[in-house]
Structures are given as C-alpha cells and as structure tokens.
Amino acid sequence: RTPALLVRAYFYMCMMEEYQDAYLKGGKEKLGLPLYTEYNPLQETVERSSAEATWAFIKKDITDAISYLTAAGVGYTAGRNASEDLDLGVANFLYARACILTGDYANCIKACKDIIDNGGYSLIKAENWGGRNTGKWSPTDSIRVLPHTNAFTSMACNPETILGYKKTSSFYGQAADFFNLANVFGNYSQQGNVSRIDETLYNMIPDKDVRKKAFYPNEVGEYKFSNNNTRKLPSYINLKFSASEGLDDNGTAPSGKATEYAKLDYTKFRLAEVYLMKAEAEAETGSDAAKATLNTLLAARSVDPANVMTVDDYVGTIKDFVKLQWRIEMWGEGGREWYNAKRWGDDIERTSQMHKDAGSLITTWPATKMTLHIPSKELQTNNKCVDNTINE
C-alpha cells in the first residue's frame with residue numbers, strides 16, 4: 001500500500017507540473033486533475049478538482065505513506081543494494097518537492113532537514129562529480145571516459161542516491177533512453193543531438209568548481225569507435241553522464257569494451273537536490289540559514305578543500321544565487337531547469353547564449369507558455385474533463 005501511495009502522489013505531481021500553471025504563478029486558483037482513489041477501468045469518470053484539492057490529495061498520499069513507514073519501522077535504507085526502495089528518504093523527498101512547488105516552505109525545510117540529518121546520505125566526492133577523459137582529446141579515438149568513478153554513471157561512488165536503479169535493475173528500460181540522450185557517445189548522437197551546456201552558463205562556473213570539469217568547451221571533432229563508426233563531437237559537450245564503455249556485471253568497474261551504447265547505473269533522486277530545495281525555502285522565508293545550506297554544498301563542489309567556494313564569493317541576491325546553483329548542479333537531470341523556470345515565472349532565454357554552431361536551435365521560451373493542454377485522449381474518454389485555457 002505504501003509504495004502505491006508514493007507512486008500515485010509522484011505521478012499526480014508530475015502531471016500538475018505539466019498540465020497546470022505553477023501554483024504560485026496563478027495556478028492556485030485554477031483547475032487541478034480528476035482525482036481517483038482506485039484503479040478500475042469501469043468506474044465513473046470524474047471532473048477536474050481544483051488545484052488546491054489536487055495538491056492536498058498529493059500531500060495526503062505522501063504524509064500517509066510517511067506515517068505507515070514510520071509505524072512499520074522502515075526508515076532510511078540508503079545504499080546501492082537498496083537503491084530502489086520506496087523508503088522514508090523517497091517519501092520525504094517527494095514531500096519536500098510538493099511543498100516547494102506550493103510555497104509551503106516550513107514543511108519543505110523540515111522534510112529536507114529530516115533527510116540530511118538522518119546520516120544515511122552524503123554529498124558526492126569532488127573527484128566523482130561527472131566523468132573525466134582519462135585518455136587524450138587528440139587523436140580523438142584515444143578518448144576514454146570510464147563509468148566506475150563517476151557518481152552519475154555508477155551508484156557505487158554516489159552516496160547521494162535516494163532513489164536509483166542499477167544497470168541490472170528490472171526498471172532499467174527507463175534509464176536506457178536517458179543514457180542514449182545524455183551520453184555523447186550514445187545513439188542519439190548519430191542524429192547530431194549531442195547534449196551540451198550553453199556557453200554562458202559554462203562561463204559562470206568558477207574554475208575552482210569541480211562541476212566545470214564535467215564539460216569540455218573545445219570542439220573535439222571526429223570520434224572513432226572500435227567498430228570504425230565515427231561521430232562528430234562539437235564544443236561544450238557534457239561528460240557528466242558520458243561513458244565510452246559500460247559497467248561490468250557487478251557495477252563496480254568498467255566493462256573493458258568500448259561501445260556506442262553503455263549500460264550504466266541511474267540515480268533519479270539525490271541529496272544535492274535536497275540541499276537546493278532547503279536553501280530555496282530558507283531564502284524565501286528570509287532565513288540566513290540559506291547561506292549555510294548553500295555553503296555546505298559549495299564546499300563539497302570545490303576543487304581545493306583549502307580554498308572552498310562560498311556564497312560570499314558572488315554578488316547578487318541569495319535568491320538569484322539559489323537559481324544559479326539549481327542550473328549548475330542539476331544540469332541535465334529530470335528537466336529541473338524547465339520546471340523551476342515555470343514555477344518561478346522566469347522565461348528561458350538562450351538567444352544571448354548561442355554556441356557558434358547552434359544555429360536556430362537556440363531560442364526564448366516564455367514561462368507563460370510552459371503549461372500544456374490536457375491530452376486529447378483524456379478529453380475524449382472523460383466528457384467531464386475540460387481543457388486548459390492557454391496563452392498560445
């Protein structure tokens with residue numbers, strides 16, 4: 001029962017992010033979703049509830065799950081072999097996200113603090129944040145990005161994993177497409193869709209930040225695979241999720257076989273996002289604790305432990321700095337930049353951040369156009385459901 005509550009809450013939350021305006025940007029007064037409490041294809045369809053009722057439904061599912069887990073003595077089961085557990089860590093993570101999305105900052109802070117204080121997780125070590133080329137960039141067929149030392153491709157070195165799937169997981173299909181898309185050596189790259197960081201954001205990352213090392217700003221050129229296939233790697237490619245070969249069967253070492261598609265581990269929810277949610281909620285309440293929360297994250301992301309980054313190294317408001325850290329830390333993960341921009345009411349603007357070879361792919365997308373229409377199939381099968389009125 002408890003896993004079902006968390007899964008239902010998560011999917012309703014995802015749908016609210018897609019199909020309604022952000023709660024604090026006009027969505028609170030609008031419609032939410034049809035609420036169903038059981039799976040029964042023959043049951044009567046229902047109309048859309050209010051956004052407030054929908055969010056109350058989501059939060060109740062999560063708080064009920066937390067109560068059941070606590071009563072059953074199921075706490076935090078962090079660890080590689082229990083990474084798929086829908087445990088108290090996952091429940092509090094989902095509750096924190098639901099709270100940050102609805103402006104319930106006090107409960108967001110509390111849920112984040114519970115996760116951090118339980119001691120089951122720790123921040124990724126500096127040397128494990130992203131992939132590194134252990135070979136040479138020239139000749140380009142000497143590139144070797146190994147998976148076993150990268151927290152984003154191997155959970156064996158990712159102590160942040162709250163929910164994740166090993167390469168041997170029965171859920172692995174969910175991660176396969178992700179690694180095709182995010183890995184510059186993956187199949188999507190054959191179509192030229194190489195995942196890259198934009199130049200302006202790259203330049204905003206200090207040199208003493210280990211996260212900058214997970215991107216390569218120079219044009220690489222043709223990469224030659226062991227099967228003689230070649231692929232052009234442009235500038236600003238990411239090594240964050242990249243691997244030139246997969247993990248071994250134990251998931252703790254490289255397979256030793258260079259490939260265009262590598263089987264890797266996949267972390268879905270992790271501790272750094274908890275720090276970011278906590279810092280944002282603290283900043284929104286005017287608490288000075290936001291600086292300390294961010295400084296903990298920045299210290300872990302510093303190249304030199306004797307010269308760590310702090311919030312005081314930057315100019316601007318703490319809220320602006322929180323947004324910047326969201327962009328840097330969560331780059332390429334779950335579309336957080338898109339959904340964050342939507343809930344903040346910030347337009348996504350890339351026209352001034354163009355790669356020299358990006359052409360017309362870079363554009364501006366206003367926050368007012370980030371809400372989707374209700375799918376036509378839902379409207380066709382539920383005559384009580386109405387569509388959103390959207391500013392086209």
Side-chain angles (χ1 to χ4, degrees), residues 1-3 5-7 9-10 13 61-100 106-130 148-169 171 175 210 247 250-252 264-282 289 292-301 305 325 329-330 333-334 336:
R1 181 178 183 181
T2 300
L5 289 172
L6 293 175
V7 170
Y10 178 59
M13 194 187 314
D61 270 358
I62 301 172
T63 53
D64 283 351
I66 291 173
S67 296
Y68 296 144
L69 288 166
T70 303
V74 179
Y76 294 85
T77 60
R80 178 177 174 81
N81 293 327
S83 60
E84 295 181 20
D85 286 0
L86 297 183
D87 63 356
L88 204 54
V90 173
N92 274 311
F93 181 95
L94 292 177
Y95 192 58
R97 182 178 283 184
C99 289
I100 199 77
N107 279 319
C108 176
I109 293 169
K110 181 181 182 301
C112 291
K113 192 172 185 301
D114 285 347
I115 294 171
I116 293 169
D117 290 350
N118 91 88
Y121 315 102
S122 58
L123 290 166
I124 295 167
K125 292 181 180 179
E127 61 267 26
N128 299 133
W129 203 98
H148 67 301
T149 58
N150 179 1
F152 297 101
T153 56
S154 174
M155 286 191 295
C157 59
N158 191 346
E160 292 191 19
T161 301
I162 296 172
L163 178 68
Y165 305 104
K166 294 183 289 185
K167 58 163 282 189
T168 54
S169 169
F171 295 102
V210 298
L247 290 167
N250 294 322
T252 56
L264 309 163
D265 290 347
Y266 173 56
T267 293
K268 187 169 183 63
F269 301 149
R270 63 185 180 96
L271 183 63
E273 187 170 350
V274 175
Y275 274 92
L276 291 167
M277 289 190 289
K278 183 173 182 283
E280 181 180 339
E282 289 166 342
T293 301
L294 284 174
N295 282 342
T296 300
L297 180 62
L298 291 172
R301 302 299 183 248
Q325 290 307 308
E329 180 67 31
M330 300 303 294
E333 295 184 60
R336 280 299 99 198

Heavy atoms, side chains only, cut-off 4.5 Å: are [X] and [Y] in contact?
X: Y266; Y: F152; result: no
X: K268; Y: L163; result: yes
X: I62; Y: M13; result: yes
X: Y165; Y: M155; result: no
X: T153; Y: L247; result: no

Please check if the distance between the ring centroids of Y10 and F269 is under 6.0 Å.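 So the answer is yes for these two rings.
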Run the side-chain contact (heavy atoms from CB on, under 4.5 Å) test against [X] and tell me which residues pass, sequence neighbours left out.
X: A281; result: I100, Y105, C108, I109
X: N158; result: I124, A151, E160, T161, T267
X: T296; result: L123, Y275
X: A292; result: none

Pair E127-T149, side chain to side chain contact (heavy atoms under 4.5 Å, CB included): steps then yes or no: CA-CA 8 Å; E127 61 267 26; T149 58; over 6 Å; no
Could you list the donor-acceptor pairs under 3.5 angstrom formed by side chains in residues 90-99, with sequence neighbours left out?
{"unit_1": "N92", "atom_1": "ND2", "unit_2": "Y76", "atom_2": "OH", "d": "3.0"}
{"unit_1": "N92", "atom_1": "ND2", "unit_2": "L88", "atom_2": "O", "d": "3.4"}
{"unit_1": "R97", "atom_1": "NH2", "unit_2": "E273", "atom_2": "OE1", "d": "3.4"}
{"unit_1": "R97", "atom_1": "NH2", "unit_2": "E273", "atom_2": "OE2", "d": "2.8"}

What is the minimum heavy-atom distance between A156 and G251, and which atoms define it?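 Result for this residue pair: CB-O, 4.1 Å.
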I need the minimum non-hydrogen distance between G89 and I115, along with the two atoms involved.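 Looks like O-CD1, 3.9 Å.
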Show every salt bridge (charged side-chain N to carboxylate O under 4.0 Å, His left out) that has at least one partner inside residues 112-125, sequence neighbours left out.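 For residues 112-125: K110-D114, K113-D117.
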Contact list for residues 70-88, test salt bridge (charged side-chain N to carboxylate O under 4.0 Å, His left out), sequence neighbours left out: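 Only R80-D265 qualify under salt bridge (charged side-chain N to carboxylate O under 4.0 Å, His left out).
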E329 bridged to R301 by N-O distance under 4.0 Å: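 Salt bridge present between E329 and R301.
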Contacts of type side-chain hydrogen bond (donor to acceptor under 3.5 Å, both in side chains), residue Q325, not counting sequence neighbours: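 Result, side-chain hydrogen bond (donor to acceptor under 3.5 Å, both in side chains) vs Q325: R211.
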Just jot down the side-chain hydrogen bond (donor to acceptor under 3.5 Å, both in side chains) partners of T293, sequence neighbours excluded, or say none.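 So T293 forms a side-chain hydrogen bond (donor to acceptor under 3.5 Å, both in side chains) with K278, E282.
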Nearest 0.5 Å, please: how far is CG in L276 from CZ in R270?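 So the gap between those two atoms works out to 8.0 Å.
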Without placing hydrogens or testing angles, list every side-chain donor-acceptor pair under 3.5 Å for residues 63-75, not counting sequence neighbours.
{"unit_1": "T63", "atom_1": "OG1", "unit_2": "K59", "atom_2": "O", "d": "3.0"}
{"unit_1": "T63", "atom_1": "OG1", "unit_2": "K60", "atom_2": "O", "d": "3.2"}
{"unit_1": "D64", "atom_1": "OD2", "unit_2": "K60", "atom_2": "NZ", "d": "2.7"}
{"unit_1": "S67", "atom_1": "OG", "unit_2": "T63", "atom_2": "O", "d": "3.1"}
{"unit_1": "Y68", "atom_1": "OH", "unit_2": "R1", "atom_2": "NH2", "d": "3.3"}
{"unit_1": "T70", "atom_1": "OG1", "unit_2": "I66", "atom_2": "O", "d": "2.8"}

